[in-house]
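These notes concern the structure reproduced below.
Every chain is numbered from 1 and lettered A, B, ... according to where its sequence line falls, protein lines coming before strand lines.
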Amino acid sequence: MTDVRVRIAPSPTGPLHIGTARTALFNHLYARHMGGTFILRLEDTDVARSTEAFERDILDGLHGLGLEWDEGPGVAGRDERGPYGPYRQMARLPLYAAAAERLLAADLAYRCYCTPDDLEAERKRQDAAGEPSRYPGTCAALGPAERAALEAQGRSSALRFRVTPGVVAFDDIVRGHVEIDTSALGGDFVIVRADGTPLYHFTVVVDDAEMAITHVIRGEDHLSNTPKHILLFRALGHQVPAFAHLPLILNPDRTKMSKRKSQTAVDDYVAQGFIREALVNYLALLGWSTGTEEEILALDEIVARFDLSAVNRAGAVFDRERLEWMNGQWIRRLDPDDLADRLLPFLDADRILGRIDRLPSHDEVRAIVPLVQERLPTLGAIGDVAGFLFVAQPAVDPALVVPKRWDTATTADGLEAARAAIEANGEVAFDAEGLEATLRALAEVRGWKAGDLFMAIRVAVTGRTATPPLFETLVALGFGRTLARLVRARDLVRELDAPA
RNA sequence: GCCGCAUUCGUCUAGAGGCCCAGGACACCGCCCUCUCAAGGCGGAGACCACCGGUUCGAAUCCGGUAUGCGGUACCA
């Protein structure tokens, strides 16, 4: 048993969650680092809440993060693959039934005829008496005759697993030695509902056993339930896998990260322009570090350095600001053509929202990449940073065009002078260096601070006070549009002085 | 309630007895660069290493207790 087999087992009851993505990532990292196998299994037994749309969202989302699995359901048109299928629990029902049958036959589980009302009443009683809540074992020793009598009444039965007294101990790879007395498990627990559908604690063990999972890497929220799983592995006659419980990802108030308090859908981050390289890098460093001061790491570099036993034990607050910083770092590292490709969908979204008037071509976007690449915290910021290039006419607040040290007359004068100078140079000389020389010379002869002139022009043609470098921006805008916008802004500024 | 886990700057973390009166990063502040904004460079502020006791010549690091937080405790996953 040297081949490492790990799995991620999401439930398609919601869109891909940050926490699920992180767990998937750590499993993937461990598998790749160890040269093992990474398996994806869909836990879709909660039929009421599971949907095909969520399933696709999860599969596509993981795929989009670059986390490929070796066995599991297909994605993007590919078929399910792997020798341990099926990989959807609803297709594995016979397996659970067979396992349940075995436990029942060995008397390691028994039929329980208690009704939900019985259970509820008992729970209340225990609570009132200040006792820990646990199943009292009402049906644990029912004889055949008693069972027959109950069944004759038409009572349905769930299946309960017998919890044996004792201490369950295991060595968690991230937490170390953990011991839990089985008396704290709440008594014999249900593994199959009265309606015949199996419960999570049961299916997860049957599947992990059947799929020959060697390392169970999952969230800390499962730590307390691990003894139940271990008991089941033993009862089923399977070797108990190694466990590694990852620290939880937290809301800012340090509770388990939730939709209520944080943005948890990976989709939403992607839609805002967080790129997979940054998401993966950030998530990998949430609860783990290389032990060095390296921080910007690509997936393959993380795989090479990954060490499960170095994972932290304390929960980690999800810090969106740090993610944004890291996203910016990764955007700056992108190949310009690649960046242009990735920017297009966001520009198209801006177009649909009416924030820009037309969708530029790949080449146009590629041309402005040098102007925007280091100014984008997210891909979604492209509209803010360069949207003025793709609108017929930017909204210009004339008051903003007037630099702090200037009055309206000077500003109108400056814009007109700049317009005239640029026009005089002609379209052939319309390049960044030439523009800068021309405009600096203009400021010089007129006794203006170059910065003031530049700012007036900047706001005149973009409507904004913060933009990419001015001259490159004018070039991107083009000769004709630059002149037209200067004229328009000049006139708007002049109107400022006109009597109302 | 019971059981379990955790606790180093606001946040993510380094630290596995002396290298630590605790290092890096994000955020914050300042300076430099500079046509604005970014980016980048430099610097600053920010942690009595939760608390109390112990072990030790020496503890953020080991042990015990306390506190606080979180998780689990379902015929949810």
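- A:Lys256 has a side-chain polar atom (N or O) that falls below the 4.0 Å cut-off from OP1 or OP2 of B:G72.
- Taking both residues in full, the closest heavy atoms of A:Asn327 and A:Ala278 are given as OD1-CB, 3.2 Å, listed atom of the first, atom of the second, then distance.
- Taking CH2 from A:Trp330 and CZ from A:Arg276, the interatomic distance works out to 10.0 Å, rounded to the nearest 0.5 Å.
- Using the six-membered ring where Trp is involved, A:Phe189 and A:His201 have ring planes that are perpendicular, over 60° apart on the 30 and 60° scheme.
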Please write out each protein N/O paired with an N/O of nucleotides 61-65 of chain B under 3.5 Å, distance rounded to 0.1 Å.
none

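- Counting any heavy atom pair closer than 4.0 Å across all strands shown, A:Ala466 reaches a base atom.
- Environment of CD in A:Glu433: sparse, with no more than 12 heavy atoms of neighbouring residues, nucleotides or ligands closer than 6.0 Å.
- Pair assignment for B:G1 gives B:U73, based on Watson-Crick or G-U wobble hydrogen-bonding distances that are each under 3.5 Å.
- The two atoms that bring A:Val401 and A:Pro403 nearest to each other are O-CD, 3.1 Å, heavy atoms only.
- Below 30°, between 30° and 60°, or above 60°: for A:Trp448 and A:Trp406 the angle between ring planes is between 30° and 60°, a tilted geometry.
- For the C1' atoms, the distance from B:G18 to B:C62 is 14 Å, rounded to whole Å.
- Relative to the six-membered ring of A:Phe54, A:Arg56 misses at least one condition, a distance below 6.0 Å or an angle of at most 45° to the axis.
- B:U61 and B:U56 have their P atoms separated by 16 Å, given to the nearest Å.
- Of the candidates B:G71, B:C5, B:U11, the closest approach to any side-chain atom of A:Thr255 belongs to B:G71.
- With hydrogens and angles ignored, no donor-acceptor pair closer than 3.5 Å exists between the side chain of A:Arg313 and the base of B:C5.
- Nucleic acid contact for A:Pro469: base, since at least one base atom lies under 4.0 Å from a heavy atom of the residue.
- Atom CZ of residue A:Arg111 and atom OH of residue A:Tyr113 lie 6.0 Å apart, to the nearest 0.5 angstrom.
- When both pairing distances are held under 3.5 Å, B:C31 makes a Watson-Crick or G-U pair with B:G41.
- Across the C1' atoms, B:U73 and B:A14 are found 36 Å apart, a figure rounded to whole Å.
- Within the 4.0 angstrom heavy-atom criterion, no nucleotide atom of any strand lies near A:Tyr282.
- A:Arg254 has a side-chain polar atom (N or O) that falls below the 4.0 Å cut-off from OP1 or OP2 of B:C12.
- B:A77 and B:C19 have their C1' atoms separated by 48 Å, given to the nearest Å.
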Got a list of protein N/O to nucleotides 75-77 of chain B N/O distances below 3.5 Å?
unit_1: B:C75; atom_1: O2; unit_2: A:Ala194; atom_2: N; d: 3.0
unit_1: B:C75; atom_1: N4; unit_2: A:Cys114; atom_2: O; d: 2.6
unit_1: B:C76; atom_1: OP2; unit_2: A:Arg193; atom_2: NE; d: 2.4
unit_1: B:C76; atom_1: OP2; unit_2: A:Arg193; atom_2: NH2; d: 2.7
unit_1: B:C76; atom_1: O3'; unit_2: A:Arg193; atom_2: NH2; d: 3.3
unit_1: B:C76; atom_1: O2'; unit_2: A:Asp46; atom_2: OD2; d: 3.2
unit_1: B:A77; atom_1: OP1; unit_2: A:Arg193; atom_2: NH2; d: 3.2
unit_1: B:A77; atom_1: OP2; unit_2: A:Tyr200; atom_2: N; d: 3.0
unit_1: B:A77; atom_1: O3'; unit_2: A:Ser11; atom_2: OG; d: 2.6
unit_1: B:A77; atom_1: O2'; unit_2: A:Ser11; atom_2: OG; d: 2.6
unit_1: B:A77; atom_1: N6; unit_2: A:His201; atom_2: NE2; d: 3.3
unit_1: B:A77; atom_1: N6; unit_2: A:Asn225; atom_2: OD1; d: 3.3

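- Taking each heavy atom of A:Asn251 and A:Ser262 in turn, the nearest pair found is OD1-OG, 2.6 Å.
- Within residues 454-464 of chain A, the residues having any heavy atom under 4.0 Å from RNA chain B are, by residue number, A:Phe454, A:Met455, A:Arg458.
- Between A:Arg405 atom CZ and B:C35 atom C1' the separation is 12 Å, expressed in whole Å.
- Looking at heavy atoms from C-beta onward, A:Arg322 lies in side-chain contact with A:Glu295 at the 4.5 angstrom threshold.
- Comparing B:G44 with B:G24, their P atoms are spaced 10 Å from each other, to the whole Å.
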Could you go over nucleotides 40-48 of chain B and give all protein N or O partners under 3.5 Å, atom names and distances?
unit_1: B:G40; atom_1: OP1; unit_2: A:Gln329; atom_2: NE2; d: 3.2

For nucleotides 13-16 of chain B, print each protein N/O atom paired with a nucleotide N/O atom at under 3.5 Å, atom names and distance only.
unit_1: B:U13; atom_1: OP1; unit_2: A:Gly287; atom_2: N; d: 2.4
unit_1: B:A14; atom_1: OP1; unit_2: A:Ser289; atom_2: OG; d: 3.3
unit_1: B:A14; atom_1: OP2; unit_2: A:Asn312; atom_2: ND2; d: 3.3

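- When only modelled atom types and interatomic distance are considered, A:Ser133 and A:Asp127 share no side-chain donor-acceptor pair under 3.5 Å.
- Nucleotide B:A47: unpaired (no Watson-Crick or G-U wobble partner with both distances less than 3.5 Å).
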Validation: residues 305-313 of chain A side-chain donor-acceptor distances under 3.5 Å, sequence neighbours left out:
unit_1: A:Arg305; atom_1: NE; unit_2: A:Glu294; atom_2: OE1; d: 2.8
unit_1: A:Arg305; atom_1: NE; unit_2: A:Glu294; atom_2: OE2; d: 3.4
unit_1: A:Arg305; atom_1: NH1; unit_2: A:Glu301; atom_2: O; d: 2.9
unit_1: A:Arg305; atom_1: NH2; unit_2: A:Glu294; atom_2: OE2; d: 3.1
unit_1: A:Asp307; atom_1: OD1; unit_2: A:Ser309; atom_2: N; d: 3.0
unit_1: A:Asp307; atom_1: OD1; unit_2: A:Ser309; atom_2: OG; d: 2.8
unit_1: A:Asp307; atom_1: OD2; unit_2: A:Ser309; atom_2: OG; d: 3.4

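- Among the candidates A:Arg342, A:Arg332, A:Arg333, the single residue satisfying the salt bridge (Lys or Arg N to Asp or Glu O under 4.0 Å) test with A:Glu277 is A:Arg342.
- Between A:Arg175 atom CZ and B:C5 atom P the separation is 9 Å, expressed in whole Å.
- Among the heavy atoms of the strands, none lies under 4.0 Å from A:Glu131.
- Here B:A6 presents its P atom at 14 Å from CG of A:Leu246, a figure rounded to the nearest Å.
- On the C1' atoms, B:G41 is 48 Å away from B:G53, given to the nearest whole Å.
- In this structure, NZ of A:Lys228 is placed 11 Å from P of B:G72, rounded to the nearest angstrom.
- For the P atoms, the distance from B:U13 to B:A6 is 15 Å, rounded to whole Å.
- Note on ring orientation: taking the six-membered ring where Trp is involved, the planes of A:Tyr200 and A:His222 are tilted (angle from 30° to 60°).
- Side-chain N or O atoms of A:Thr290 include one that pairs as donor or acceptor with a backbone N or O of A:Thr292 at under 3.5 Å.
- No donor-acceptor contact under 3.5 angstrom links the side chains of A:Thr203 and A:Asp207, judged on distance only.
- When the nucleotides B:C5, B:G1, B:G71 are ranked by their closest atom to the side chain of A:Val178, B:C5 comes out on top.
- Side-chain atoms of A:Arg88 and A:Thr45 form no donor-acceptor pair, as typed in the model, at a separation below 3.5 Å.
- Look at B:A67: its Watson-Crick or wobble partner, with both distances under 3.5 angstrom, is B:U7.
- For the C1' atom pair drawn from B:C42 and B:A47, the interatomic distance equals 24 Å after rounding to whole Å.
- Base pairing of B:C57 is made with B:G18, judged by Watson-Crick or G-U wobble geometry with both donor-acceptor distances under 3.5 Å.
- Looking at heavy-atom distances under 4.0 Å, A:Gly130 makes contact with sugar-phosphate atoms alone, never a base.
- Scanning all heavy atoms of the two residues, the minimum distance from A:Ile422 to A:Phe479 falls at O-CE1, 3.6 Å.
- Within the 4.5 Å cutoff, the side chain of A:Leu415 has no heavy atoms near those of the A:Leu453 side chain.
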